[in-house]
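Have a look at the structure below before the remarks.
Below, chains carry the letters A, B, ... as their sequence lines are ordered, and counting in each starts from 1.
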Amino acid sequence: MRISRYFLPVLRETPKEAEIVSHQLMLRTGMVKQASAGIYSWLPLGFRVLKKIEQVVREEQNRSGAIEVLMPTIQSADLWRQSGRYDDYGKEMLRLKDRHERDMLYGPTNEELITEIFRDGVKSYKDLPRNLYHIQWKFRDEVRPRFGVMRGREFLMKDAYSFDLTADAARQSYNRMFVAYLRTFARLGLKSIPMAADTGPIGGDLSHEFIILADTGESQVYCHADLVQTTVPGADTDFDADLSPLIARFTSDYAATDEKHDAARFEKEVPVDKRISARGIEVGHIFFFGTKYSDPMNCRVQGPDGKMVAVQMGSYGIGVSRLAGAIIEASHDKDGCIWPVPVAPFELGLINLKAGDKETDGACDTLCERFANAGIDYLYDDTDERAGGKFATMDLIGLPYQVIVGPKSLKNGEIEIKERRTGMRQTLPLEGAVSQLVGAIRSARQLA
RNA sequence: CGGGGCAUAGCUCAGCCUGGUAGAGCACCUGCUUUGGGAGCAGGGGGCCGGGGGUUCGAAUCCCUCUGCCCCGACCA
């Protein structure tokens, strides 16, 4: 993609409404534009990031055996009356009326809808277990939206729902999602830490928040330092095997958010030099809730013994749009974003320092062709802006690699490559640079 | 939902107190000079000064009202 033909409205100054760095950078790089409080348009650069995150999430859901569906954003109030939540949910739920004066709502979540779908589609224990997920926009009318897409009112969320015959079987479904989450966040370039979360009326140990550490995180978290280093399960993980030993590696050490924090236990269980007390961002939440919805909504299957039994359910959320902000929080510097390859809007940026010059134009055209043939997503700055501005813009939008083509080094048949994360630069012959970059990008895609 | 603040060009802001019909920097357009880390000069385009009402000969400015947005606190992927 050529910048001269792209839509990239970068801002040199930081809009005053943005408080935290991810919000500032998302506005400055032209990733998003606020439409109204907590509601954003996703501009080309941001849209690419969002789609890449979504795709990683999708791939890991599929790998774990979950099945994708798509439920609507608008739901009927009647459905929510069946579960009893219509009156409970409060003002966070955006309520609407259609032309027939029927009560509708913009879905803040989908337990009711999925339960209805599953109930009407499945009658036998032989159809269990199943896990259905979708990636869809939700709306929660937060009293006070803030931090850009990190806590918007409209947000893109992956939510999965598992259905099992027994609570024991549900634990295995839960564990599958647990592993899928670890892998998803790792692939996004994040170190996520599962932390014990409130299980509500069900009780038990089956609820975890997945937290990533970031200075500007919203919640205070505490955990054992070893958890940050624990190796994430590989792509070859057998999701039909018993995953509990694997899970135990992540749940045996202390980890808790502020609400669940037990200072005495923390100090007793974690050696002083292993105690992490930091800020964190919640990017995922998994939860087992048994028959909370299947009971009132009569979602039952016939068991082997011929008896009807309410299915055991769990739900599993990932804040997809929030992740765009969270990744920036976890990966940026004073000059701008630093995108990990798997979610970068483009995998590399090509800078023509002297657009209009035969030599540099020609070299850049050659490079574009090489990158296109290699299947690399590149953004080519072919504008006649000054060098300083191009460097600043490229650093700001934070593509993982930069290729700099200027008349000076090109005289020797060389170009410069720069790794955004480290700032490391190398001057190389053109073809050598191409093969090195293609290799680096391809291997970075495979991460985890 | 309580408390506070703001609303003037795409962005950052001045002007408002003390009314006289709109400004700067950046961005944008034209030309020249520049050209390896956000250049310089000259010229130019762009604003129902958030909406409505009022006071006044005259309102960005004073008064009333509505709306939007931001920040602090209580709640959330």
Side-chain angles (χ1 to χ4, degrees), chain A residues 8-20 23-24 27-28 30 33-39 53 57 89-93 107-110 133 135-160 181 184-185 192 197-198 207-212 218-219 257 259 281-287 315-326 334-336 351-357 360 381 383-396 402 404-411 414-416 418 423 425 427:
Chain A
L8 189 69
V10 299
L11 300 174
R12 196 147 154 186
E13 284 169 279
T14 303
K16 63 177 173 187
E17 71 263 23
E19 189 75 4
I20 62 168
H23 190 193
Q24 293 172 349
L27 292 172
R28 283 198 60 203
K33 177 171 169 59
Q34 180 166 313
S36 60
I39 302 177
I53 294 170
V57 169
Y89 215 89
K91 290 189 174 173
E92 275 203 344
M93 186 155 75
T109 178
N110 288 67
Y133 75 98
I135 299 172
Q136 176 63 293
W137 293 92
K138 309 258 186 296
F139 194 92
R140 289 181 196 168
D141 200 356
E142 298 275 344
V143 184
R144 192 187 156 204
R146 60 182 133 172
F147 303 145
V149 301
M150 297 267 284
R151 195 190 306 176
R153 292 193 292 171
E154 188 181 50
F155 53 97
L156 187 61
M157 182 174 169
K158 185 285 302 181
D159 41 325
Y181 276 37
T184 300
F185 298 127
S192 71
D198 200 358
S207 180
H208 287 87
E209 288 180 16
F210 286 73
I211 300 282
I212 63 168
E218 292 184 72
S219 11
T257 59
E259 310 87 70
I281 302 167
E282 182 185 355
V283 289
H285 196 162
I286 61 178
F287 201 83
S315 76
Y316 314 89
I318 290 180
V320 176
S321 48
R322 170 179 283 186
L323 274 165
K334 64 174 175 42
D335 295 321
I351 298 176
N352 185 343
L353 282 182
K354 196 171 180 182
D357 175 272
T360 59
D381 190 343
T383 64
D384 56 6
E385 208 193 334
R386 301 170 57 79
K390 292 190 177 189
F391 290 136
T393 299
M394 205 54 90
D395 284 347
L396 177 67
Q402 296 173 14
I404 300 154
V405 179
K408 286 179 189 169
S409 42
L410 197 57
K411 254 180 222 150
E414 292 181 323
I415 59 177
E416 194 176 335
K418 172 179 159 183
R425 300 149 166 279
T427 303

Item checked: Partner nucleotide of rG43(B) by Watson-Crick or wobble geometry (both distances under 3.5 Å) -> rC29(B)

Item checked: Residue His285(A), side-chain atoms from C-beta onward, closest of rG36(B), rA77(B), rC1(B) -> rA77(B)

Next item on the list: From the options rC76(B), rG10(B), rA74(B), select the nucleotide whose nearest atom is closest to the side chain of Leu11(A).
Entry: rG10(B)

Margin query: Check the phosphate of rC72(B) against Arg146(A), side-chain N and O only, distance under 4.0 Å to OP1 or OP2. Yes or no?
Written below: yes

Check: Want to settle it: does Lys418(A) or Pro145(A) sit nearer the 5' end of RNA chain B, counting the closest nucleotide to each?
Finding: Lys418(A)

Checklist line | Between rC11(B) (C1') and Glu13(A) (CD): distance, integer Å | finding: 6 Å

Notebook entry, point to check: Which nucleotide sits closest to the side chain of Ile404(A): rA74(B), rG36(B), rC76(B)?
Noted result: rG36(B)

Item checked: Closest nucleotide among rC70(B), rC6(B), rC71(B) to the Lys16(A) side chain -> rC6(B)

Next item on the list: Both distances under 3.5 Å, Watson-Crick or G-U wobble: report the partner of rG73(B), or none.
Entry: rC1(B)

Check: Between rC76(B), rG36(B), rC70(B), which nucleotide gets closest to the side-chain atoms of Arg140(A)?
Finding: rC76(B)

What protein N or O atoms touch nucleotides 28-35 of chain B N or O atoms at under 3.5 angstrom, if any, and at what distances?
| residue | atom | partner | partner atom | Å |
| --- | --- | --- | --- | --- |
| rU34(B) | O2 | Arg386(A) | NH1 | 2.7 |

Check: Given rA77(B), rC11(B), rG36(B), which nucleotide is nearest the side-chain atoms of Pro15(A)?
Finding: rC11(B)

Checklist line | Beyond-backbone contact of Thr360(A) with Leu353(A), side-chain heavy atoms, under 4.5 angstrom | finding: no

Check: What heavy-atom pair brings Tyr181(A) and His285(A) nearest, and what distance separates the two atoms?
Finding: CE2-N, 4.1 Å

Check: In the structure shown, which nucleotide is the Watson-Crick or G-U wobble counterpart of rU55(B), with both distances under 3.5 Å?
Finding: none

Check: If you check the Arg144(A) side chain, which of rC70(B), rG73(B), rG36(B) turns out closest?
Finding: rG73(B)

Note to self: Please report the interatomic distance NZ(Lys390(A)) to CD(Glu385(A)), rounded to the nearest 0.5 Å.
What the structure shows: 7.5 Å

Next item on the list: Can you check whether any acceptor in the base of rG68(B) is under 3.5 Å from a donor in the side chain of Ser36(A), or vice versa?
Entry: no

Margin query: When you compare the side chains of Asp159(A) and Gln136(A), does any donor N or O come within less than 3.5 Å of an acceptor on the partner?
Written below: no

Notebook entry, point to check: From rU12(B), rG36(B), rC1(B), pick the nucleotide closest to the side chain of Glu17(A)?
Noted result: rU12(B)

Next item on the list: Scan every strand shown for a Watson-Crick or G-U wobble partner of rA22(B), both distances under 3.5 Å, and answer none if you come up empty.
Entry: none

Item checked: Closest heavy-atom pair and its distance - Arg153(A), Ser36(A) -> NH2-OG, 4.0 Å

Note to self: Without decimals, in angstroms, what is the distance between Glu92(A) CD and rC75(B) C1'?
What the structure shows: 7 Å

Margin query: For a quick test of reading the model: is some side-chain N or O of Gln34(A) closer than 4.0 Å to OP1 or OP2 of rG68(B)?
Written below: no

Note to self: I want to confirm an ordering. Mapping Thr14(A) and Leu410(A) to their closest nucleotides on RNA chain B, which one lands closer to the 5' end?
What the structure shows: Thr14(A)

